[in-house]
Asker: 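Okay, here's the structure, questions in a sec.
This chain uses plain numbering: 1 for the first residue, then up along the sequence.
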Amino acid sequence: MKRILLIIMLVSVLLLTGCGKDKMTVEGENKKGLGYYNSGDYALACEYFERALKIESGNKEVRNNYGMALIQCKEYDAALEQFAAVLNPDASSQKAQRMNKFAYRGQGIAYMQRLEFDKALESFVNALAISTESGWNIDIMYYKANAQECLGQLDTAIETYGMVLEMDKNNRLALLARARLYREKGDPERAVADYEKVLSKEEGSYAAYIGLYTCYRDMKNEEKASKVLADASKLKISDNEDKYLLGQIHFYQKNYSSAKIEMQNAVENGFTEANYFLGEIAVQEKEYEKAVEYYEKYRSSVVSTSPTVCNQEAVCYLALFDFDKAEEMINMGLSFGASSARQQLMRNQIALYEGRYDFASAYAAFQTYIVEYPNDSEAIEEYRFVKKRLGME
């Protein structure tokens, strides 16, 4: 599964330090604030940035740093106020342009956290339009691609990751993210190429192995899929993230008892996306209400969802005969357009209509389905059954 939020992983305060030693100077208070920020004490960092601003309220470096600390404290409105105080669209000096770039970046991150993705994307575009501090462009491009994905702009997100790779052809994060999007769009062959490139540089990458497995599974190549899992299960475990990823491998190997324990531990260690796999295990155990709870926890922990999760929730609601909720999730999943889950979503949409005894709608949905997936012999047989129910055969 995708772990879309690069935000948590990439957010960092701008190292705009001064050289003053006097405790009551702007530079001194700012330096202390940065120290507490880097140690993870964001509330105390905010206090020192506030003290610096009391000495010099117009210091834009401090305001940028303060805004980033406020984001970590989840005070997004206050953070946006700080970045707004920095921005000067008519700035011409290199220093002013530099401050603008960092303020647009921070503004975009705050908007992402507020789920205002269109505004976030605009801010990141504005940041990238400023030529100074070009060393930050790759970082900002990650955020831009993340915003595009959250807006459902998968093609442009792929293009943005491609631009990152033009600047750094072996960039691991960009390769993994682009591969995930290729697979999500139903293009596993291109995804395989990106995952294999990661593995050629980083043999012990759990994330690449798992991604490669899902691609081969989508391509119905069970032999290669099994070999990838077997190879991945032998990788060294270095930290809690590796333990979480090993839990995924056990899940795909259908070792649900081990995977369940590992996913529960992963959630306790902050990997809230592990709730998706707990939902999948609950489905295997036919505990559909519990599965929905896990899927909802997963969806509330990420900035955007995926058509795959929508489909899995729909499966649960169909099993529970809650057709309205199932329809809501199916429509949400289909709104993504082309995706690796589209075929399943369309089949479940037909199952929904049949569950409601709405064979006219099922017939109309089948006409679209068999055009897109003409080789599904099981669906063709079911299509004939629906036509008989309507007296058409």
Asker: Would you kindly say whether Gln107 and Tyr111 are connected by a side-chain donor-acceptor distance under 3.5 Å?
Answerer: no
Asker: Decide if the gap between the ring center of Tyr276 and the ring center of Tyr294 is smaller than 6.0 angstrom.
Answerer: no
Asker: Set out, in order, the CA-CA distance, both residues' side-chain angles and the distance that settles salt bridge (charged side-chain N to carboxylate O under 4.0 Å, His left out) for Arg190 and Asp187, then state yes or no.
Answerer: CA-CA 6 Å; Arg190 287 187 177 181; Asp187 192 352; 3.6 Å; yes
Asker: Does either side chain, that of Tyr48 or that of Asp41, offer a donor lying less than 3.5 Å from an acceptor on the other one?
Answerer: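 No - no donor-acceptor pair under 3.5 Å links their side chains.
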Asker: Parallel, tilted or perpendicular, judged at 30° and 60°: which one describes the rings of Tyr369 and Tyr373?
Answerer: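 Taking Tyr373 first and then Tyr369, their aromatic rings sit tilted (interplane angle of 30° to 60°).
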Asker: With sequence neighbours left out, what residues match Glu280 under salt bridge (charged side-chain N to carboxylate O under 4.0 Å, His left out)?
Answerer: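 Testing Glu280 for salt bridge (charged side-chain N to carboxylate O under 4.0 Å, His left out), a comparison that skips the adjacent residues, returns none.
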Asker: Are any of the side-chain nitrogens in Glu133 or Lys101 under 4.0 Å away from the carboxylate oxygens of its partner?
Answerer: no
Asker: Look at the side chain of Ser57 and the backbone N and O of Leu53, then say whether any donor-acceptor pair between them is shorter than 3.5 Å.
Answerer: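 No, Ser57 side chain to Leu53 backbone: no donor-acceptor pair under 3.5 Å.
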Asker: Return the set of residues passing side chain to side chain contact (heavy atoms under 4.5 Å, CB included) with Gln367 (not counting sequence neighbours), or none when no residue passes.
Answerer: Tyr363, Tyr383
Asker: Between Glu27 and Lys32, does any side-chain N to carboxylate O distance fall below 4.0 Å?
Answerer: no
Asker: Would Arg105 pass as a cation-pi partner of Phe124, given that its NZ or CZ must be under 6.0 Å from the six-membered ring centre and within 45 degrees of the axis?
Answerer: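 That pair does not qualify as a cation-pi contact.
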Asker: Hey, could you give me each pair passing salt bridge (charged side-chain N to carboxylate O under 4.0 Å, His left out) that has a residue in residues 63-90? Not counting sequence neighbours.
Answerer: Asp77-Arg114
